Enquirer: 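Can you keep this structure in mind? I'll have questions shortly.
Quantities reported herein were computed from a predicted structural model and do not represent experimental measurements.
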Amino acid sequence: MKELKYLFSFPFRKKINLGYLFSLTLSVLLALLVGALIMHLSGHDPAAGYKAMLSGALSTARSRGDTLAKSAVLCLTGLAVAVGAQAGIFNVGGEGQLYLGALASAAVGGYLSGWPAWIAFPLALLAAIAAGGLYALLPGWLKVRLKVNEVITTIMLNSAAIYLCKYLVNGPLKTGERGISAGTVKIGAAFAFPKLIRLSNLTASIFLSAFIALAVWYLMKRTATGYEMKLSGQNPRFAGYIGINSGRLMLLGMTLSGAICGLVGMFEVFGIHKRFVEAVSNEFYYDGMLVAMIMRYDPVGIILMSLFFGALKIGATGMEQIGIPSEIVLIVQSIVIFFMAAENGITQSLKERLVQRRARKAARREEGAA
Amino acid sequence: MPKEAPIVRFEHISMQFPGVLANDDVSLSVGKGEVFALVGENGAGKSTLMNILYGLNRPTSGRLFIKGREVTRHSPAQAIAMGVGMVHQHFKLVPSFTVSQNILLACEPRKGGFLYDFGEARKRVEALSQTYGLEIDPDARVDELTIGLQQRVEILKTLGRGADVLILDEPTAVLTPQESEELFGVIRRMVQERGMTVIIITHKLYEVMAVSHRVAVMRGGKLVGLHETRDVNQRILAELMVGRNLEEERPERAGAPGEALIRVEGLKVRSDRGLPAVNGLSLTVRAGEILGVAAVEGNGQSELVEAICGMQPIEAGEIWVEGVRVNGMSPGKIRALGLAHVPEDRNATGVSGAASVSDNLLAGRQRERRFAAGGIHMKKKAIRAYVTGLFRRFDIRGAGVSVQAGSLSGGNMQKVVVAREFSADGRCLVVAQPTRGVDIGAQEFIHRCILDKRNAGCAILLVSADLDEVLSLSDRVITLFEGRITGEFTGASIDKQDVGYAMTGGRSGEVGA
């Protein structure tokens, strides 16, 4: 498959990416070094700590499964950010879209539990897509029609969605089962994604996730629509001049972003919890945003980086098991992320300064010529 | 007018920019208490000369005296300290600040060392505005003021810093006629009552006649005329500005023009500021014809072009492209009718700097079946072959098609625009400032492209601030002044001075002195 060739040859195919890969690796090493220092200062053995992290993420089948499952969530949420960003619209509301997608699919799966799976499951899938997508369409429409800043509206809509879901599962949609404090009724057993590895969170939803990731990559990188999204995200004035409808592409990017988030919510429900619970997401979307921003919204980069981040997140539990307090683990984790993000910002600003200096020089030359 | 020791004196000033001699041995002096007008076409070297005075440019050779003292290597801050202030075309104000905050920016009065003293600020600004007779509300927010008043704030800011020599760079370019009149009143008062010196850069000759005591005309970097305003008239100035008629060889026509492909009737368009920019304009461009529009910048030609291409709303009138009424259509729809457009501002509109050269060359064709299977799947090979073909054919010099378009030089960026637009399949072309900031070689190449398109039967509307370009390429020339057609010229030899006279408002007798 040609696409796979591109996937695996990234990022060595292009010279530009090689430089970025190098500085990224450097910043990861630097971060691990600072992390080691902190472990050392708090009286733990850094070598043992990192070893525990590695084995925590990869040593057993269960941990490998968990890492992969975590990576899938990061990957999808990251791609959701990227698909909007490519069209020039920044979706910060993925968390709320995820909650609504989870709740909508859980409701379908719960109330249609007696129905055959081949009807109920696609319906649940559609419900998740519709809930997430429509909820993202609203701020998208406000942005395109009324120029309302989408960052503000999506942040506000996050709270609205999350508290609405919490209210519903504590009230009207609360299950009657005993021992469940807040949750919807259980989905039909036949609808759930089968577990692939015992005790791990890895379920058959990973195949759907992979398919979605590939589809998003294809849309962004290989289609005329993706090309138009890129042009209009980079320079809406140019896009308008060339005859591309930027507004429509923003709506498309935003809706797709929301739909993907809705699906992530559904995968959590149908894979792990089997019902909607309040803790369906633990700020998954913000982790995805981080991955997307570090990889500059490049879909292949996001797919690869989410594997690393997934390992980092799951590996942290391994560190806790050898007695390193979870706070220290969180600090080390944050530092790694911090360095990677800072690397992005620093090289970016250096580059920008260089470009600006060049542009100023060129402008001066042109002024002289005019 | 008063002629004591000159307050500003240029002696044999030359300014060499790479490839261009922007000022060529310019000597002139400006006396205290006079309004001195500096006129010339775009690129004549007026702004360069004033930037030298204001310390923004350092001359290659020659000497500059301010108030009798020779200055070398001075900065704008030092220029201000010597009493020379400049009001740029684009104001440098903080929109969300009040008038007094802007005027006293960086020299705010303080209470107890660090608190902003509002009372004192208001008092100072009121004193300043009374001294110069420039009424303004010190507490108004700048972004709520009209452009005319914003300019007044800018002038007060300069005066507040102690300037007694005021350089105004095309001050009326953004003003309504009423605002312009007010400004002239202010200038006269400042000169008569305060003994200030005002140097005004302008294109509009009636303004020279209305407000100045003396006038210098520049062309191609040289000073070509220095006169007492009362000794000259607009006609003489226009001749000096555009130069003698050169007997240029005009390229052979391919045949008589055919059907009307672009038709504009009674068009009215407002500028982004909401001022009338195009005021009831009608024109027709036929197949196999280049219609040149000669106009000094800011006379409605930009809005005309944008309206035809669907990028600016039409207030009144109608536009047809290929026989289809295009009022209210999107740029994409108009393009689909077969209209290509080289926009005047390549940096903001013509190319996307962040996108690759390849993406820029392909733009607009991404849905064509030969580049996208089913209009969806992009064929990388076909695209690459197509864009490298254009890259070679239009002789774009750069590291290749995958570099960012923003990294190209201005001339090569323009070639990207030309390559994309001139390879379009339609029969209508709207070309604005095709060779602005482009070197001679690329200029000739682009001119050749335009003529080839004409000979191939396209209807071309050519707008350029470069009068020679318009005259040498066009089959027919119209002049625009303040959004109206002030002249139409055809025939083998168009008299350049007639055109220059018409484009500087020669027929608008109702405004000015």
Enquirer: Looking at A:Ala224 and B:Gly375, what are the two nearest heavy atoms and their distance?
Expert: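 That would be CB-O, 3.7 Å.
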Enquirer: Find the one option among B:Arg420, B:Glu306, B:Met15, B:Lys333 whose heavy-atom pairs under 4.5 Å with chain A are most numerous.
Expert: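 Heavy-atom pairs under 4.5 Å are most numerous for B:Arg420.
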Enquirer: For B:Asp359, does its backbone N or O pair with a side-chain atom of A:Tyr227 as donor and acceptor, under 3.5 Å?
Expert: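 Indeed, once roles are kept as given, a pair shorter than 3.5 Å links the two residues.
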Enquirer: If you count heavy-atom pairs within less than 4.5 Å of chain A, which of B:Gly406, B:Ala354, B:Ser352 leads?
Expert: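 Result: the option with the highest number of such pairs is B:Ser352.
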Enquirer: May I ask you to list the residues in residues 238-248 of chain A that approach chain B closer than 4.5 angstrom, counting heavy atoms only, ordered by number?
Expert: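 Near chain B, by residue number: A:Phe238, A:Gly240, A:Tyr241, A:Ile242, A:Gly243, A:Ile244.
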Enquirer: Can you give me the closest heavy-atom contact between B:Ala355 and A:Gln234, atom names plus distance?
Expert: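 In this case the closest contact between B:Ala355 and A:Gln234 is CB-OE1, 3.2 Å.
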Enquirer: Look at atom CZ of B:Arg370 and say whether more than 12 heavy atoms of other residues, nucleotides or ligands are closer to it than 6.0 Å.
Expert: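 Count over threshold, so yes.
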Enquirer: Quick check on the interface: out of B:Ser47, B:Ala340, B:Gly332, B:Ala348, who has the most heavy-atom pairs with chain A under 4.5 Å?
Expert: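 The option with the most such pairs is B:Ala348.
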Enquirer: Nearest 0.5 Å please: distance from the CE atom of B:Met378 over to the OG1 atom of A:Thr223.
Expert: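 Rounded to the nearest 0.5 Å, the CE-OG1 separation comes out at 8.0 Å.
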Enquirer: Measuring heavy-atom distances to chain A, does B:Val403 have an atom under 4.5 Å in its side chain, in its backbone, in both, or in neither?
Expert: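 Contact with chain A is absent: no heavy atom of B:Val403 under 4.5 Å.
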Enquirer: If we only count heavy atoms from C-beta on, is the A:Arg222 to B:Lys379 side-chain gap below 4.5 Å?
Expert: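 The answer is no; the side chains never approach within 4.5 Å.
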Enquirer: When you look at OH of A:Tyr286, are more than 12 heavy atoms from neighbouring residues, nucleotides or ligands closer to it than 6.0 Å?
Expert: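 More than 12 heavy atoms, drawn from other residues, nucleotides or ligands, come within 6.0 Å of this atom.
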Enquirer: Under 4.5 Å from any heavy atom of chain A, what part of B:Ser330 do you find: side chain, backbone, both or neither?
Expert: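 Interface part for B:Ser330: neither.
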Enquirer: Side chain, backbone, both or neither: which part of B:Ile334 has a non-hydrogen atom closer than 4.5 Å to chain A?
Expert: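 Neither the backbone nor the side chain of B:Ile334 comes within 4.5 Å of chain A.
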Enquirer: Compare all side-chain heavy atoms of A:Thr225 with those of B:Arg367 and state whether any distance is below 4.5 angstrom.
Expert: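 Yes, close enough: below the 4.5 Å cut-off.
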Enquirer: Using 4.0 Å as the upper bound for N to carboxylate O, is an ion pair formed by B:Arg365 and A:Glu228?
Expert: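 Result for this pair is no, no salt bridge flagged.
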